[in-house]
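Okay, structure first, notes after.
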Amino acid sequence: MNIKISNIFKGDKVIWMVFFFLCIISVVEVFSASSGLTYKSQDYLTPIIKHAGMLIFGAVVTVITLNIPWKYFKLTTPFLLLISLFTLIWVLVGGEDINGAQRVIKFMGQTFQPSEIAKGTLILATAHILSAMQYENGADPRAFKFIMILTLPIAGLIFVENLSTAVLLCSVIFLMMFIGRVPLRQLGKLLGIVTVIGVVVVSFVLIAGKSKDEKAAEEISKEMVVEEKKDENFIDKMFHRADTWKARLMKFIDNEEVAAKDYDLDKDAQVGHANIAIATSNVIGKGPGNSVERDFLSQAFSDFIFAIIIEEMGILGAIGVVFLYIILLFRCARIASRCERNFPAFLVMGLGLLLVIQATFNMLVAVGLAPVTGQPLPLISKGGTSTIINCAYIGAILSVSRSVKKTHTQKTESEIEEKEAELATAKI
């Protein structure tokens, strides 16, 4: 029986342990944080049964992916790039609206988020380019150009409906180029250009975005001229998220202290109830299932689940979750350092950085250190496409670790055989 289990859970055992701990935390906390869903449906078990089923299916995806040799990941890169570009354009044209943004598409009765597939695909392509153009003195300067040719259209398409995901992806690609020894001169220029673009984008958002009062006045004027609503121009259609971006930036920038009695929980409900959840945790937490703010906090089971974790498990529980992601990143770095080839090393580091940086985004938002971004907590938040894709990422990391372990074992065995042969020769 033990042999069969070890044959299933191949690869780095520490990463497997981190994966299972995160899944256990996910089941407990999502069940607790889904009170809003259970109240609406009057069904207390269906939401968590669906989520647990999704995690089980994700574990199966992990096992399947880890049994695919990493060299075959290279072969899928061109096909995944085409699929990613096609689906990203599709979601802009005919995507379904969720919370004011078109982020999912429906196919054969199922919905999925193309940006989740695009993130892994771009990391795969970047690892491919960096490994193919790696020399003793660093990466070929042309590698930077090829990576930018792929990154700009993919990140640009994601940017229109999901700014935080585009920023997350670009951050990971930048770090991969730094690890891949792309010339610092090129990276410095890129940082300068990004800074300028960032200033322009923020300025545009602050100018083009409308406050609630301005939007209300605009709606009244549009009611007077009904035809204007039909003739929505291209700029308005492409940048309709500017209002949301402006509201989030202004909330984050506004450092004015507000007395508890004057705080508007209707206007700033997410941030307010997240702060209450953290403040009332009393360090040790209220215990699993005893959250109060889950009943008031929108997206408690997704974007703000870390606030619920702090409320129920306390500071120690929160530190434990952070520690799990840190372990994941360090194990990825260890696996990468033991790879004999560049592609699997860059792939493992890219996927590890993606998961950990996304987790960092989510946790910083939950504790009020970053603007609201809408990024789920990997492998913990309730989700569909994101859960399955993240499990596939873990499977890819385990696939590389499995090949590294096999190579290391073979080298050890050959070294032992050589030593035995030397000893036998010495005796003769």
Side-chain angles (χ1 to χ4, degrees), residues 9 14-38 43-63 65-66 112-113 116 274 277-278 281 285-291 293-294 297-329 331 351-352 354-367 373-395 397-398:
F9 301 113
V14 176
I15 289 181
W16 269 118
M17 289 176 64
V18 170
F19 175 71
F20 282 124
F21 275 124
L22 290 174
C23 288
I24 291 169
I25 294 170
S26 177
V27 171
V28 173
E29 293 303 324
V30 169
F31 183 51
S32 176
S34 299
S35 60
L37 296 177
T38 57
D43 188 344
Y44 296 95
L45 292 177
T46 298
I48 192 59
I49 288 174
K50 286 183 178 180
H51 180 62
M54 190 66 69
L55 287 174
I56 292 171
F57 180 66
V60 173
V61 171
T62 302
V63 173
T65 307
L66 77 86
F112 71 95
Q113 201 166 337
E116 293 296 329
I278 295 169
S281 66
K286 299 175 180 177
N290 293 321
S291 169
E293 294 308 311
R294 65 188 177 188
L297 184 55
S298 174
Q299 299 296 316
F301 51 80
S302 180
D303 300 348
F304 282 86
I305 196 167
F306 190 64
I308 304 301
I309 290 173
I310 297 175
E311 183 184 12
E312 294 190 347
M313 299 172 65
I315 301 300
L316 292 179
I319 292 173
V321 171
V322 172
F323 190 59
L324 288 173
Y325 287 111
I326 292 173
I327 292 173
L328 176 62
L329 184 60
R331 293 305 295 184
L351 295 177
L354 177 64
L355 292 170
V356 174
I357 292 176
Q358 181 175 328
T360 304
F361 269 44
N362 177 280
M363 292 185 284
L364 288 176
V365 169
V367 299
T373 60
Q375 289 295 323
L377 192 58
L379 300 172
I380 292 183
S381 293
K382 185 179 185 297
T385 309
S386 61
T387 299
I388 301 301
I389 297 299
N390 287 334
C391 288
Y393 294 160
I394 294 293
I397 293 169
L398 289 168

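Small disclaimer: the values here were computed from a predicted structure and weren't measured.
Met363 has its side chain within reach of Leu377: a pair of non-hydrogen atoms, C-beta onward, lies under 4.5 Å apart. In this structure, the side chains of Phe57 and Cys391 stay at 4.5 Å or more apart for every pair of heavy atoms. Inter-residue side-chain proximity for Phe361 and Val365 is flagged as unmet; no heavy-atom pair is nearer than 4.5 Å. With a 4.5 Å cut-off on side-chain heavy atoms, Ile394 and Leu328 count as touching. Two residues are said to be in side-chain contact when any heavy atoms from C-beta on lie closer than 4.5 Å; Pro376 and Gln358 meet this criterion.
For Ser32, the side chain to side chain donor-acceptor pair (under 3.5 Å) partners are Arg294, Glu312, not counting sequence neighbours. Contacts of Lys50 classified as side chain to side chain donor-acceptor pair (under 3.5 Å), with partners at least two apart in sequence or in another chain: none. Legend: residues meeting side chain to side chain donor-acceptor pair (under 3.5 Å) with Gln375, ordered by chain and number and at least two apart, are Ser164, Thr165. Partners of Ser26 according to the side chain to side chain donor-acceptor pair (under 3.5 Å) rule, which considers only residues two or more places apart in sequence or in another chain, are His51. The side chain to side chain contact (heavy atoms under 4.5 Å, CB included) test applied to Ala59 returns Phe19, not counting sequence neighbours. Residues meeting the side chain to side chain contact (heavy atoms under 4.5 Å, CB included) test with Val63, sequence neighbours left out: Ile8, Trp16, Asn67.
Closest of all the heavy-atom pairs between Phe304 and Ala274 is CD2-CB, 3.7 Å. Looking at every heavy atom in both residues, Val30 comes nearest to Phe301 through CG2-O, 4.2 Å.
The distance from atom OG of Ser34 to atom CD1 of Ile305, rounded to the nearest 0.5 Å, is 7.5 Å. Atom CD1 of Ile310 is separated from atom OG of Ser281 by 7.0 Å, given to the nearest 0.5 angstrom. The distance from atom CD of Glu311 to atom CD of Glu29, rounded to the nearest 0.5 Å, is 9.5 Å. To the nearest 0.5 Å, atoms CG (Leu364) and CZ (Phe306) are separated by 9.0 Å. For the atom pair Leu379 CG and Asn390 CG, the distance stands at 5.0 Å (nearest 0.5 Å). Atoms OG1 and CG, from Thr65 and Leu398 in turn, are 9.5 Å apart once rounded to the nearest 0.5 Å.
Side-chain atoms of Tyr325 come within 3.5 Å of backbone atoms of Pro378 as a donor-acceptor pair (strictly under, hydrogens ignored). Judged purely by atom type and a 3.5 angstrom limit, Ser291 has no side-chain atom pairing as donor or acceptor with the backbone of Ile308.
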**Request:** Assess whether side chain to side chain contact (heavy atoms under 4.5 Å, CB included) is satisfied between Arg331 and Val18, documenting all intermediate values.
**Result:** CA-CA 10 Å; Arg331 293 305 295 184; Val18 170; 6.0 Å; no
**Message:** Walk me through whether Glu116 and Ser386 qualify under side-chain hydrogen bond (donor to acceptor under 3.5 Å, both in side chains).
**Reply:** CA-CA 6 Å; Glu116 293 296 329; Ser386 61; 5.1 Å; no
